[in-house]
Peer 1: 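Take this structure, written in structure tokens, and hold onto it; I'll ask about it next.
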Amino acid sequence: MARWNGSTETPARRRGLANRHLQFMALGGAIGAGLFLGSGGGIATAGPAILIAYALCGVMVFLIMRALGELAIADPARGSFSSYAEIYLGPFAGFMTGWSYWANWMLAGAAEITAVGIFAKFWFPDLPQWLPSLVALLAVYAINLRGVRLFGELEFIISLLKVMAILGIITLGLVILFTPGLAARHHAGIGNLLGSGGILPHGLIGLVAVLPAALFAYGGVEVIGLAAAETEQPERSLPRAINGVILRILVFYVGALAIVMTIMPWTRFSAGSSPFIDMLQHVGFGQAAAVVNLIVISAVLSSCNTGLFAMGRMLASLAERHHAPAWLARTGPAGLPVTAISVSAGALLVTVFLNWLIPDRIFGAIIATVALLLLSVWALIILSHWAYRRAHRGTRPARRFVMPLFPWSSTIVLMFIALTVALLAARKEMWPTFALVLLWYALLALAWHRMRRPNRG
């Protein structure tokens with residue numbers, strides 16, 4: 001059998017992440033360009049229906065995270081949910097999950113890097129979009145090479161800043177709404193949210209159209225499953241992170257966007273700009289908008305930083321299990337998968353070129369592709385958990401933190417994923433994206449076939 005050569009021994013990873021790091025890593029991965037930039041286009045496309053999309057996807061992601069949490073607590077040393085897919089669904093499933101998730105974060109990281117270039121135009125409208133993107137990539141690459149403890153501390157600080165910024169915007173919005181004089185001056189009220197066609201102004205078509213943006217926005221919370229092997233006391237930290245982060249994300253997405261759309265008519269938002277900055281400028285807080293734009297850039301950098309962390313760990317995990325060249329599993333003195341991180345950063349460098357080539361179209365094209373890849377990875381996580389439960393039937397493993405309402409909850413998630421794929425496939429504008437994703441899986445199948453082909457001679 002032809003395989004990439006390498007040792008079967010898994011390099012030890014240092015447990016340098018505390019509970020607070022893990023919780024803010026999940027926030028850092030999920031609160032980035034999807035919220036601060038992608039939501040603007042989502043509001044323009046679907047109006048208030050974007051709140052339904054975010055709420056529905058949020059519940060599904062919470063159930064997916066509970067399934068992953070049960071697997072990770074049962075075996076945190078694996079450090080990769082692709083390894084769970086390999087154990088419980090077979091080697092090809094692990095191979096496909098790992099490489100698809102790596103590709104997913106490469107594209108998501110591309111979106112985050114692109115967003116840095118877009119937000120930099122707030123101050124420097126004539127600056128080439130590729131230049132801030134390159135600076136952002138070099139910055140997150142340097143951070144990821146400095147050690148997991150520094151990575152965790154920076155994620156904690158940056159995530160705390162963006163959480164405070166969103167809470168500040170929510171507070172400002174509530175003050176305006178519930179102060180009659182301010183509400184009248186800025187024409188704020190529920191009419192801005194529902195006065196132009198109700199909650200579904202474009203019908204179900206608008207809701208379906210915004211699903212890729214909603215899925216893209218939540219992508220990143222599953223990174224805490226990758227961090228389990230480098231977390232202190234994962235049996236305590238993982239449940240807290242998983243149970244706490246979904247409520248916060250729902251507040252930040254559904255709550256914050258609902259407030260924004262009551263302060264300013266949703267019909268005035270557009271793709272390519274942040275709804276939060278638009279709202280602040282609308283109510284006369286131009287200087288605050290500049291501060292928030294700076295926080296937004298740091299938030300996007302945080303998400304990209306988390307993405308490079310995820311890419312490096314997943315690529316190293318693939319190499320450790322012979323699904324990638326063995327040299328990609330090499331670690332540095334601090335136990336970091338430095339080679340996998342460097343190769344992943346090199347892949348993101350392609351994004352800088354794309355920002356130079358097609359600066360106006362790259363962000364929207366990436367979101368739809370990431371959404372489809374995420375759906376396939378999430379489906380494999382649920383299927384891996386289902387197979388895990390079946391394999392341990394009667395032994396009641398990891399009962400300290402279990403998937404709620406199993407197997408009905410897993411069935412609901414899989415039905416949601418299947419329905420979402422079917423609805424997206426019915427839209428002609430999504431067909432090129434489906435073709436690209438199908439080509440990706442065909443290439444994976446071909447690579448797997450060549451790897452498994454018996455050696456001749």
Side-chain angles (χ1 to χ4, degrees), residues 30-61 111 115 118 173 188-219 249-279 282 360-375 378 412-413 415-434 437:
I31 300 180
L35 175 61
F36 289 114
L37 183 60
S39 58
I43 293 172
T45 299
I50 193 174
L51 303 179
I52 299 176
Y54 278 136
L56 186 58
C57 291
V59 172
M60 294 301 111
V61 169
I118 293 173
I190 197 70
N192 288 333
L193 180 66
L194 302 176
S196 299
I199 194 71
L200 289 168
H202 300 301
L204 290 177
I205 293 177
L207 179 61
V208 172
V210 82
L211 280 176
L215 293 168
F216 171 83
Y218 283 120
I249 290 177
L250 283 173
V251 169
F252 295 146
Y253 276 93
V254 179
L257 292 180
I259 293 294
V260 164
M261 285 187 283
T262 56
I263 301 300
M264 179 176 167
W266 68 263
T267 52
R268 293 179 56 183
F269 294 102
S270 62
S273 63
S274 170
F276 300 102
I277 294 174
D278 289 344
M279 187 207 85
H282 171 72
D360 298 328
R361 302 195 305 272
I362 179 174
F363 189 82
I366 287 171
I367 284 181
T369 309
V370 169
L372 289 179
L373 287 173
L374 267 176
L375 286 172
W378 288 347
I412 291 171
V413 173
M415 289 176 62
F416 170 79
I417 291 174
L419 178 62
T420 301
V421 171
L423 290 173
L424 293 176
R427 302 179 63 230
K428 288 186 178 181
E429 57 267 37
M430 286 292 295
W431 289 358
T433 303
F434 271 89
V437 173

Peer 1: Using every non-hydrogen atom in the two residues, find where V210 and A53 come nearest and quote the distance to one decimal.
Peer 2: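 Reported closest heavy-atom pair: CG1-CB, 3.5 Å.
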
Peer 1: Using every non-hydrogen atom in the two residues, find where P275 and S39 come nearest and quote the distance to one decimal.
Peer 2: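 Minimum heavy-atom contact is CG-OG, 3.3 Å.
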
Peer 1: Tell me, please, which residues at least two apart from N192 pass side chain to side chain donor-acceptor pair (under 3.5 Å).
Peer 2: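 Result, side chain to side chain donor-acceptor pair (under 3.5 Å) vs N192: none returned.
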
Peer 1: With side chain to side chain contact (heavy atoms under 4.5 Å, CB included) as the criterion, how do V61 and W378 come out once you've worked through the C-alpha distance, each side chain's angles and the decisive distance to 0.1 Å?
Peer 2: CA-CA 8 Å; V61 169; W378 288 347; 3.6 Å; yes

Peer 1: So how far is it from I412 CD1 to I417 CD1, rounded to the nearest 0.5 Å?
Peer 2: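 Atom-to-atom, I412:CD1 and I417:CD1 are 12.5 Å apart.
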
Peer 1: How many angstroms lie between CE in M415 and CE in M60, if you round to the nearest 0.5 Å?
Peer 2: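 Taking CE in M415 and CE in M60, the distance rounds to 10.5 Å.
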
Peer 1: May I have the list of side-chain donor-acceptor pairs in residues 418-427 shorter than 3.5 Å, sequence neighbours left out?
Peer 2:
{"from": "T420", "atom 1": "OG1", "to": "F416", "atom 2": "O", "distance (Å)": "2.8"}
{"from": "R427", "atom 1": "NE", "to": "E429", "atom 2": "OE2", "distance (Å)": "3.2"}
{"from": "R427", "atom 1": "NH2", "to": "E429", "atom 2": "OE2", "distance (Å)": "2.5"}

Peer 1: List the atom of A209, the atom of T45, and the distance in Å for their closest heavy-atom pair.
Peer 2: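 Nearest heavy atoms, A209 then T45: CB-CG2, 3.7 Å.
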
Peer 1: Rounded to the nearest 0.5 Å, how far does CZ of R268 lie from CD1 of I43?
Peer 2: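 I43 CD1 to R268 CZ: 13.0 Å, rounded to 0.5 Å.
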
Peer 1: Indicate every side-chain donor-acceptor pair of residues 200-207 with a distance under 3.5 Å to a residue at least two apart or in another chain.
Peer 2:
none

Peer 1: So L215 and Y54, side chain to side chain contact (heavy atoms under 4.5 Å, CB included) or not? Walk me through it.
Peer 2: CA-CA 8 Å; L215 293 168; Y54 278 136; over 6 Å; no

Peer 1: Measure the spacing between CD1 of I50 and CG of L211 and express it to the nearest 0.5 Å.
Peer 2: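 Answer for the CD1-CG pair, I50 versus L211, is 10.0 Å.
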
Peer 1: Rounded to the nearest 0.5 Å, how far apart are CD1 of I277 and NE2 of H282?
Peer 2: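 Reported to 0.5 Å precision, the distance equals 15.5 Å.
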
Peer 1: Among I263, I199, L51, whose side-chain contact (heavy atoms from CB on, under 4.5 Å) with L193 holds?
Peer 2: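 Passing option: L51.
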
Peer 1: Give the minimum heavy-atom separation between F269 and A44, together with the two atoms involved.
Peer 2: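 The pair with the smallest heavy-atom distance is O-CB, 3.5 Å.
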
